[in-house]
Amino acid sequence: FNVQTSNLNLTKIKINNYRIKKQFFQSKPICKVTFSIKAEEAENVPALGSFYNWSETATPLKKLKNETLKEILDLEREIFYELRYLIDEK
C-alpha cells in the first residue's frame, strides 16, 4: 500500500480486509493515520513501512474484540509513505 499524507480533511481507503483512515489537523503539521486489518486467525501483524525504516521489529497492531487489528500513528504531512503488513511473520 502507499499512503500519501496530503490535503484532504478526512480520507478512508478500504481494500478487501485492509483499511487506512487519515485525519488532518489545521493546527498541527501531522496526519493521524489509522491502519486496520480484519484478520481473525492472525496473532502478530506489524505494519512495516517507510515510517519505521522497514524494521521487522515494528510494534504489532493491537487486536480488538471484533478480531480487527489496529494501530494509530501520527505521521508528518505532505510525505509519501509505503506500507506492508507482515502477517504472522509471512
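One is the number of the first residue; the rest follow in order along the sequence.
- For the pair V45 and P60, the minimum side-chain heavy-atom distance is 4.5 Å or more.
- Remark: side-chain polar atoms of Y81 are paired, donor with acceptor, to backbone N or O of E76 under 3.5 angstrom.
- Considering every non-hydrogen atom in both W54 and L48, the closest pair reads CZ3-O, 3.7 Å.
- The two atoms that bring S36 and L61 nearest to each other are CA-CD2, 4.4 Å, heavy atoms only.
- For the residue pair S55/N53, the side-chain donor-acceptor check at 3.5 Å is not satisfied.
- Connection of F51 to I79 is established within a shared hydrophobic cluster, with ILVMFWY side chains joined at heavy-atom distances below 4.5 Å, either directly or through further cluster members.
- In this structure a side-chain-to-backbone donor-acceptor pair under 3.5 Å is missing from T68 to K38.
- Between the R77 side chain and the F24 main chain, no donor and acceptor come within less than 3.5 Å of each other.
- The structure places CD1 of I37 at 13.5 Å from CZ of R19, a figure rounded to the nearest 0.5 Å.
- When side chains are defined from C-beta on, D74 does not count as touching F25, because their heavy atoms never get closer than 4.5 Å.
- Linking Ile, Leu, Val, Met, Phe, Trp and Tyr whenever their side-chain heavy atoms come within less than 4.5 Å leaves I30 and L73 in two separate clusters.
- Using a 4.5 Å heavy-atom threshold, the side chains of T34 and E71 count as separate.
- Surrounding NZ of K70 are at most 12 heavy atoms belonging to other residues, nucleotides or ligands under 6.0 Å away.
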